[in-house]
Amino acid sequence: MRLGLALGYWGRGPDAAHLPLAQEAERLGYDSVWTAESWGSDAFTPLTWIAARTSTIKLGTAVAQMAARSPVTTAMHALTLDHLCGGRMMLGLGLSGPQVVEGWYGRPFPASPLTATREYVDVVRQVLRRTAPVSLDGRFHPLPYRGPDGTGLGKPLKPITHPLRPRLPVLLGAEGPRNVAQTARIADGWLPLYWAPDRPEVYGDAVRDLPEGFLVAPMVRVRVCDDVAEGLLPVKAMLGFYIGGMGHASRNFHADLMARMGYPEEARRVQELFLAGRREEAVLAVPDAFADEISLVGPRERIAERLESWRRGPVTDLLALSPDPFTLRVLAELNS
């Protein structure tokens, strides 16, 4: 099982610790570093900054939001950065949810998310292969555009720049069983948001029969500390925000996943509290048991013991969410 460093996205401003953390992860032998985006900083610019100041560590987006860019624009970002970093780029994509797609990007959330994702990946693959002009008779991403408000003058084009790697890895963030099953068919890897190593069945049958070489790279909050309950508070804060705030009360993919993982009433309660403005109560309402099973928190010996369950399953890359160089070093030692 390889290790990666997940930096996430910026808060109020740039995090001065991100570059030193990435450089320390490279020094410790971590295989990859990943950036993200929500509705603030983008995923590609910080990754380019890190690329210029590292030399061996792989660079991934976990995730770049599909609604933020047309698929050809995303492919242009990926092939450009792949050239600049010498073939270290990995493209992680996510659909996001209606709240972000419609509220931030001003686009309709696709009526068929699976079809929209499939078309998006198809176009990205065509650009990176560069074997023919890019075209797709698609419902959501048609190329060339043939809509009634178009000129009719568009024609299929090939990228001017030759991609460095036609098979640049494409990974997808997916939560529902059908989405995970499609990810196993069309992508090179999967980026689970929450992964409970003892309950892979939550994600459906596809997890039991993944293609050879397929990447499974969950993001995992890791912290070496003496007090487990105290160490779980950042995990609970993240869960409270995603389950309570990253979606509508009637449609929240993160809350749905928590319910499938055995906590339906707790998920509903977290949502209710968060949407009522009682955010601290929402965080405290996240069960310690749920936060614990999807993270690696506690003394070194406890993390070492629990790390074995992560190794036994399909996980190929553990992406550590940890702003602590000491924790990164301990995790590298335990995984060596």
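Computed from a prediction, not measured in an experiment: that's the story for all the values here.
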Salt bridge or not for [X] and [Y], using N-O below 4.0 Å?
X      : Y      : result
Glu24  : Arg329 : no
Asp82  : Arg165 : yes
Asp188 : Arg125 : yes
Glu201 : Arg260 : no
Arg311 : Glu308 : yes
Arg302 : Asp292 : yes
Asp288 : Lys236 : yes

Would you mind reporting whether [Y] and [X] have side-chain heavy atoms less than 4.5 Å apart?
X      : Y      : value
Leu91  : Leu171 : no
Met76  : Arg69  : no
Leu79  : Leu168 : no
Ile186 : Val170 : no

Same cluster or not: Leu114 versus Val101, using hydrophobic residues (I, L, V, M, F, W, Y) connected whenever any side-chain heavy atoms lie under 4.5 Å apart? no
If only atom types and distance count, is the side chain of Thr35 paired as donor or acceptor with the main-chain N or O of Ala43 below 3.5 Å? yes
Tell me if a side-chain donor or acceptor on Gln23 pairs with a main-chain N or O of Thr54 at a distance below 3.5 Å. no
Near Glu230 CD, under 6.0 Å, is it more than 12 heavy atoms from other residues, nucleotides or ligands? yes
Counting only heavy atoms not in Asp227, do more than 12 sit closer than 6.0 Å to its CG atom? yes
For residues 104-119, pull every pair meeting side chain to side chain donor-acceptor pair (under 3.5 Å), keeping only residues two or more places apart or in separate chains. Gln65-Tyr105, Ser112-Thr115, Thr115-Arg118, Arg118-Gln182
